[in-house]
Amino acid sequence: MQECYIKDFPDKIDQEIIIKGWVANRRSSGKLSFLILRDGTGICQVIVEKALFPDTYSEIKKLPLESSVIIQGRVVKEDRAQGGFEVHASHVQIVHVSDEFPIGKKEHGPDFLLKNRHLWLRTPRQIAIMRIRDALIRHIRTYFYTNDFTLIDSPILTTTCGEDTSSLFSIDYFDLGKAYLSQTGQLYLEAAISGLGKVYCFGPTFRAERSKTRRHLTEFWMIEGEMAFYDHKQNLDLQEDFVSYIVQNTIRDKAQELAVLERDLAPLKKIEAPFNRISYDEALDILHKNGSNIEWGSDLGGDDETVITRLFDKPVFIESYPKKTKAFYMKQDPARPECVLCADLLAPEGYGEIIGGSQREDNLDILMQSITDNGLDPERYDWYLDLRRYGSVPHSGFGLGLERTLTWICGLTHLRETIPFPRMIYRAYP
RNA sequence: UCCUCGGUAGCUCAAUCGGCAGAGCGGGUGGCUGUUAACCACUAGGUUGGGGGUUCAAGUCCCUCCCGGGGAGCCA
């Protein structure tokens with residue numbers, strides 16, 4: 001007698017095995033009951049014959065969905081069964097008889113599902129998304145590992161910030177006053193490149209923006225890379241290589257899960273370097289020809305991005321934004337001081353921004369000026385300014401939003417399904 | 001913070017002009033020896049988000065509060 005997982009059934013044909021799991025669905029037909037069992041590796045059908053269970057059949061037949069059970073039985077190849085195999089039960093142990101499970105077989109609304117996120121995670125679609133998320137994360141880490149990056153875990157509690165303080169969650173930090181939940185690890189990565197060359201971090205990021213859209217979470221996961229001696233162009237070359245790698249490897253590994261989501265893989269298979277590159281000025285031209293009256297100097301809005309991504313079947317970089325629309329640390333373009341050497345990467349099919357990146361300002365005086373121009377306190381950034389005092393080098397980096405990337409790969413309409421327990425402006429439960 | 005849509009049975013929704021509050025799924029009971037969101041019959045299930053108002057009469061109209069969805073701004 002051997003305990004096994006459903007995924008191992010092809011090697012267990014006609015053997016007596018034990019599996020442990022949950023009743024995902026149940027049907028009966030007179031003297032025969034079909035339990036659809038989920039064990040964390042797959043789904044299979046268990047046949048319970050009334051004749052073999054004279055005392056317990058009536059209870060087994062009425063087992064509520066999501067009851068947990070241990071089944072002993074024989075694995076049989078059966079084309080009529082989902083997955084091609086089924087188990088003919090010889091023994092059924094009921095571990096727990098479930099209360100009536102709130103999530104049924106019909107559709108539910110978003111409020112109900114999000115309130116029941118802890119239970120929603122058991123359903124086939126959510127299981128598929130979590131497996132794709134796992135694969136995506138693994139390929140991201142592998143890419144960095146195989147390209148000579150070192151992982152640097154940046155702090156979650158910080159007193160310096162990358163953007164402005166209005167979008168930070170603050171907490172009381174003992175006698176030192178306010179500390180903030182990290183909004184980016186970038187400044188710390190910049191400190192690490194002088195010792196390690198190429199580094200990355202991958203951790204939770206917190207934004208207290210009162211955003212209320214399908215593209216925003218208050219807590220999300222961001223992957224940031226930072227590379228010494230990389231200029232703006234090398235930065236983009238690396239980003240498109242990186243994104244191509246993670247997309248191709250993820251869709252190759254998780255074709256089955258993407259099929260559950262009914263994701264059309266054709267657009268994703270085209271995602272290979274080189275990507276499209278247009279300047280902010282060119283983006284404005286495109287928008288003007290499409291009826292927009294956006295003025296030079298304004299940041300692009302979500303609708304603007306959608307218009308642009310629809311024109312390309314691959315991701316598109318938008319380069320050289322006006323300096324005033326971007327963060328203080330981005331490098332001023334020597335040829336055009338009113339612009340910075342940066343680029344956002346927009347995913348196709350209308351998904352929009354998944355990466356923000358830039359070459360960083362390595363000149364001490366210009367950086368100091370930017371900090372004061374942005375109303376920030378130079379004293380708090382003294383350690384960051386030190387990086388421009390001791391062997392300053394040209395360097396660049398970028399940040400990729402994990403959930404946005406996953407939303408695109410999975411073809412979802414809302415990124416809240418891509419994180420196990422989403423944190424949103426009006427929702428922090430469960 | 002602003003704009004917009006919504007809240008009716010456990011869930012998803014319907015209810016015409018203001019005129020008896022309904023269906024499917026889920027639950028319960030029974031039936032069926034190969035089901036695939038199984039099926040068939042019967043059955044229980046309601047403070048129509050809260051409060052106030054107009055009216056002979058309010059799920060429906062008005063005021064107000066609460067909760068949520070989508071979007072804007074901002075960003076990944």
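Note that these values count all heavy atoms, side chains included, but never hydrogens, waters or copies made by symmetry. A note on names: the letters A, B, ... follow the listed sequences, proteins ahead of strands, and every chain is numbered from 1.
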### Within residues 47-70 of chain A or reaching into it, pairs that qualify as salt bridge (Lys or Arg N to Asp or Glu O under 4.0 Å) - sequence neighbours excluded
A/R38-A/E66, A/E66-A/R122

### Message
Under the rule for side-chain hydrogen bond (donor to acceptor under 3.5 Å, both in side chains), what residues qualify as partners of A/E272, not counting sequence neighbours?
### Response
none

### Query
Name the stems with RNA chain B in them: runs of three or more consecutive Watson-Crick or G-U pairs, distances under 3.5 Å?
B:1-7 with B:66-72, B:10-13 with B:22-25, B:27-31 with B:39-43, B:49-53 with B:61-65

### Message
Counting the atoms with a prime plus P, OP1 and OP2 as sugar-phosphate, which does A/E49 contact under 4.0 Å by heavy atoms, base, sugar-phosphate, or nothing?
### Response
nothing

### Task
Mind checking ring pair (Phe, Tyr, Trp, His ring centres under 6.0 Å) for A/H108 and listing every partner two or more places apart, or none if nothing turns up?
A/F112

### Message
With a 6.0 Å cut-off on the ring centroids, do A/F242 and A/F398 count as close?
### Response
yes

### Task
List for me each residue that meets side chain to side chain contact (heavy atoms under 4.5 Å, CB included) alongside A/P204, sequence neighbours excluded, and say none if there are none.
A/I156, A/F206, A/W221

### Message
Between B/rG45 and B/rA58, how many Å separate the two P atoms, rounded to a whole number?
### Response
24 Å

### Phosphate contact (B/rC74 OP1 or OP2) by A/H216 side-chain N/O below 4.0 Å
no

### Task
Just jot down the ring pair (Phe, Tyr, Trp, His ring centres under 6.0 Å) partners of A/Y200, sequence neighbours excluded, or say none.
A/F144

What protein N or O atoms touch nucleotides 23-27 of chain B N or O atoms at under 3.5 angstrom, if any, and at what distances?
{"from": "B/rG24", "atom 1": "O2'", "to": "A/K106", "atom 2": "NZ", "distance (Å)": "2.7"}
{"from": "B/rG26", "atom 1": "O2'", "to": "A/E100", "atom 2": "OE2", "distance (Å)": "3.1"}

### Task
Scan for salt bridge (Lys or Arg N to Asp or Glu O under 4.0 Å) pairs involving residues 298-313 of chain A, sequence neighbours excluded, and state none if there are none.
A/K270-A/D313

### Query
How is A/E219 classified with respect to the nucleic acid when contacts are heavy atoms under 4.0 Å: base, sugar-phosphate, or nothing?
nothing

#### Entry: Distance-only donor-acceptor test, A/Q45 side-chain atoms vs B/rU35 base atoms, 3.5 Å
yes

### Short side-chain N/O contact to B/rC75 OP1/OP2 from A/R207, under 4.0 Å
no

Donor-acceptor pairs under 3.5 angstrom involving side-chain atoms of residues 89-102 of chain A: please list them, not counting sequence neighbours.
{"from": "A/S90", "atom 1": "OG", "to": "A/E16", "atom 2": "OE2", "distance (Å)": "2.7"}
{"from": "A/S90", "atom 1": "OG", "to": "A/Q72", "atom 2": "O", "distance (Å)": "3.2"}
{"from": "A/S98", "atom 1": "OG", "to": "A/L65", "atom 2": "O", "distance (Å)": "3.4"}

### Query
Any salt bridge between A/K289 and A/D285, counting N to O under 4.0 Å?
no

### Message
It should be established whether A/R416 places a side-chain nitrogen or oxygen under 4.0 Å from OP1 or OP2 of nucleotide B/rG68.
### Response
no

### Message
If you go through the side-chain atoms of A/R404, does one of them form a donor-acceptor pair with the base of B/rC75 closer than 3.5 Å?
### Response
yes

### Task
Applying ring pair (Phe, Tyr, Trp, His ring centres under 6.0 Å), name anything that partners A/Y245, two or more places apart in sequence or on another chain.
A/Y143

#### Entry: Partners meeting ring pair (Phe, Tyr, Trp, His ring centres under 6.0 Å) with A/Y321 (sequence neighbours left out)
A/Y280

### Message
Measure CZ/A/R215 against C1'/B/rG70 and give the value in whole Å, please.
### Response
12 Å

### Task
In whole angstrom, give the distance that lies between atom NZ of A/K50 and atom P of B/rU35.
19 Å

### Query
Which residues, if any, of residues 32-44 of chain A bring a heavy atom under 4.0 Å of RNA chain B?
A/L32, A/F34

### Query
On a plain distance test, is the side chain of A/S211 in donor-acceptor contact with the base of B/rG73 below 3.5 Å?
yes

### Message
Quick check for you: among B/rG68, B/rU33, B/rG70, whose closest atom lies nearest to any side-chain atom of A/D111?
### Response
B/rG68

### Query
What interatomic distance, in whole Å, is found between C1' of B/rG53 and the corresponding atom of B/rG73?
37 Å

